[in-house]
Protein chains: 2
Amino acid sequence: MSVQDKKLKHKEDFRIKILSAAKKLFVEEGIEATSIRKIAKEVGISPTTIYLYYKDKQDIVYALHLEGCSLLRTQMQALMHVDHPFERLKAIGKAYLSFAVNESGYYELLFVMKEPMQFLADRGEGSVWEEGDRVFEMLIATIKDCQQEGFFVGMDTQTLSLQAWSTVHGIASLFLSGHLEKLNNLLFSEASKAEFLERTFQLYVSMLETIK
Amino acid sequence: MSVQDKKLKHKEDFRIKILSAAKKLFVEEGIEATSIRKIAKEVGISPTTIYLYYKDKQDIVYALHLEGCSLLRTQMQALMHVDHPFERLKAIGKAYLSFAVNESGYYELLFVMKEPMQFLADRGEGSVWEEGDRVFEMLIATIKDCQQEGFFVGMDTQTLSLQAWSTVHGIASLFLSGHLEKLNNLLFSEASKAEFLERTFQLYVSMLETIK
DNA sequence: TTAAAAATATTAACAGTGTTAATTATCTTT
DNA sequence: AAAGATAATTAACACTGTTAATATTTTTAA
């Protein structure tokens, strides 16, 4: 291994070290409470050393967001084998909601926080959220398959996909932000907390089945 | 006017002064960039003086959120006279989306940020988001009216209401967070930006019409 | 092997943040 | 006018992200 390769490896190793420290902290204490200084302490280096491996904090946040993206994509990819497209669509929706609940930190990073999108915007006007695109692509493909099987005939695929995403994102984000909990009209007990996502999702599914 | 009344008035005047300074800053520079120190400078007082009138920053954020709530409620209230309940439902949905676009700062304060809900949670476990409740109540009432007119027969009113809210919130929040913009699959031009909200909303409306 | 050069890491520092304690100024009451 | 209560301020703490200057280590060249 040449010296140059060693350097690159060292650089990559450190990037990973920093990132996993960041992830550990942000899982344990939340994304807001995760500072550069705490990450540095976790890795055992000086705070400024981090800037040799990441441009700034947004860069770290973006890198973390990429990890979340690939995790979600992996989970959804496992469902792409489901034969019947409408069943697959339902499975994807459920998986998305599960991801929101079980990986709430990642979910906020991917779909709620502005930072990752701002990072892309800073990178240039025409920059694209490729990792998000890949995930969304699976939804589009599934809905296209549905249409070929006679579902949603004559409807615009893109609008349909965006609407499906909006629906699950809407309920997931209201849930995670704590808004549902504080709404008296929904006076739900601890037990039925997660059930609320399920019920709303099921209603949407039944609406999709009706319009067929 | 007694001395005690004068004191109360002075206190209330100052609370309003601080709040409108906060609102001005957060409209001009965004909510993130609005600090206690900047608010104080805007009012022309010392930063610590603010703590004589508001418990902490979260308290100010919550007060600001209340103003946003009443603004949204006012706008929606103006639609409650629409006779046909389904037409009213559509009008409410449009008004909600308009609020999200035209009062994006308030929208984030009301439905995206965790702080106001955290403020309630800190106030006690059984605390309720009354102002939000009042807005949501209008949606529930409208959907109930729809059901009495033969729409959505046999469906759960609460779930239906929550699902309607989720749908519009989903598209609004994805739009405001910048996620839609960076999605290549949606490659939308500047002109069609707002159109995306409209299209997705219309699709939902047509779905509601279909299930009738 | 040693001296120069380059890469890497650290400390010090800046300009901010929210917030509290101690101190000063102002107003109210006796 | 003096005493007491209220209001407002300054000073300070413990943080934040980030940059410049300095020190250390590693690599290259003589």
Side-chain angles (χ1 to χ4, degrees), chain A residues 1-19 21-23 25-26 28-65 109 113-116 118-119 122-123, chain B residues 1-19 21-22 25-26 28-65 109 113-116 118-119 122:
Chain A
M1 188 187 275
S2 82
V3 172
Q4 287 239 336
D5 286 347
K6 253 188 185 168
K7 274 192 205 163
L8 277 174
K9 192 187 177 309
H10 172 258
K11 194 141 197 162
E12 193 49 35
D13 282 355
F14 244 117
R15 281 179 64 93
I16 292 170
K17 249 186 209 165
I18 291 168
L19 206 61
K23 188 190 168 184
L25 284 173
F26 118 105
E28 284 174 359
E29 306 182 35
I31 191 94
E32 282 313 87
T34 303
S35 68
I36 294 273
R37 281 174 167 85
K38 283 182 188 169
I39 296 170
K41 184 168 261 180
E42 178 72 32
V43 181
I45 56 177
S46 155
T48 51
T49 304
I50 288 184
Y51 287 88
L52 299 174
Y53 300 97
Y54 288 95
K55 189 182 152 287
D56 52 22
K57 199 187 178 184
Q58 231 181 16
D59 198 0
I60 299 176
V61 167
Y62 188 78
L64 221 45
H65 140 276
L109 216 44
M113 285 175 65
K114 286 180 164 183
E115 276 82 352
Q118 189 55 54
F119 181 83
D122 292 350
R123 199 145 97 175
Chain B
M1 188 186 273
S2 83
V3 172
Q4 287 238 337
D5 287 346
K6 254 187 185 169
K7 273 191 207 164
L8 277 173
K9 192 187 175 311
H10 172 259
K11 194 141 196 164
E12 192 49 36
D13 282 356
F14 244 116
R15 281 179 63 93
I16 291 170
K17 248 185 211 167
I18 292 168
L19 205 62
L25 284 174
F26 119 104
E28 285 174 358
E29 307 182 35
I31 192 94
E32 279 318 83
T34 302
S35 68
I36 295 272
R37 281 172 167 86
K38 284 182 188 170
I39 295 171
K41 185 169 259 179
E42 178 72 32
V43 181
I45 56 177
S46 155
T48 51
T49 304
I50 289 184
Y51 288 88
L52 299 174
Y53 300 96
Y54 288 95
K55 191 182 152 288
D56 52 22
K57 199 187 179 184
Q58 231 181 14
D59 198 0
I60 299 176
V61 167
Y62 188 78
L64 220 46
H65 138 277
L109 215 45
M113 285 175 63
K114 286 180 164 182
E115 276 82 352
Q118 190 55 53
F119 181 83
D122 292 349

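Below, chains carry the letters A, B, ... as their sequence lines are ordered, and counting in each starts from 1. Heavy atoms only: backbone and side chains are in, while hydrogens, waters and symmetry mates are out.
When the ring-ring contact (aromatic ring centres under 6.0 Å, His included) test is applied to Tyr51(B), no partner is found at least two apart in sequence or on another chain. Listed by chain and residue number, His10(B), Tyr53(B) satisfy the ring-ring contact (aromatic ring centres under 6.0 Å, His included) test with Phe14(B) (two or more places apart in sequence, or in another chain).
The nearest heavy atom of DNA chain C to Phe14(A) and to Lys57(B) marks one nucleotide each, and the one closer to the 5' end goes with Phe14(A).
The residue Tyr53(A) sits close only to the backbone: its heavy atoms come under 4.0 Å of sugar-phosphate atoms, none of a base.
Between the CG atom of Asp59(B) and the P atom of dT19(C) there is a distance of 10 Å, given to the nearest Å. Distance CD1 (Ile50(A)) to P (dT16(D)): 12 Å, rounded to an integer number of Å. Taking atom OH on Tyr54(B) and atom C1' on dT19(C), their separation rounds to 18 Å, with Å as the unit. In this structure, Leu52(B) places its CG atom 14 Å from C1' of dA22(C), rounding to the nearest Å.
A distance-only check finds no donor-acceptor pair linking the side chain of Lys57(B) to the backbone of Ile36(B) [under 3.5 Å]. Looking only at distances, no side-chain donor or acceptor of Lys17(B) sits under 3.5 Å from a matching main-chain atom of Val43(B).
Salt-bridge formation is not detected for the pair Glu32(A)/Lys114(B): no Lys NZ or Arg NE/NH1/NH2 atom is positioned less than 4.0 Å from an Asp or Glu carboxylate oxygen.
Sorted by residue number, the members of residues 34-48 of chain A with any non-hydrogen atom under 4.0 Å from DNA chain C read Arg37(A), Ile45(A), Ser46(A), Thr48(A).
Regarding contacts with the backbone of dT10(C), every side-chain N or O of Tyr51(A) stays at 4.0 angstrom or more from both OP1 and OP2.
Between Ala33(A) and Lys38(A) the shortest heavy-atom distance is O-NZ, 2.9 Å.
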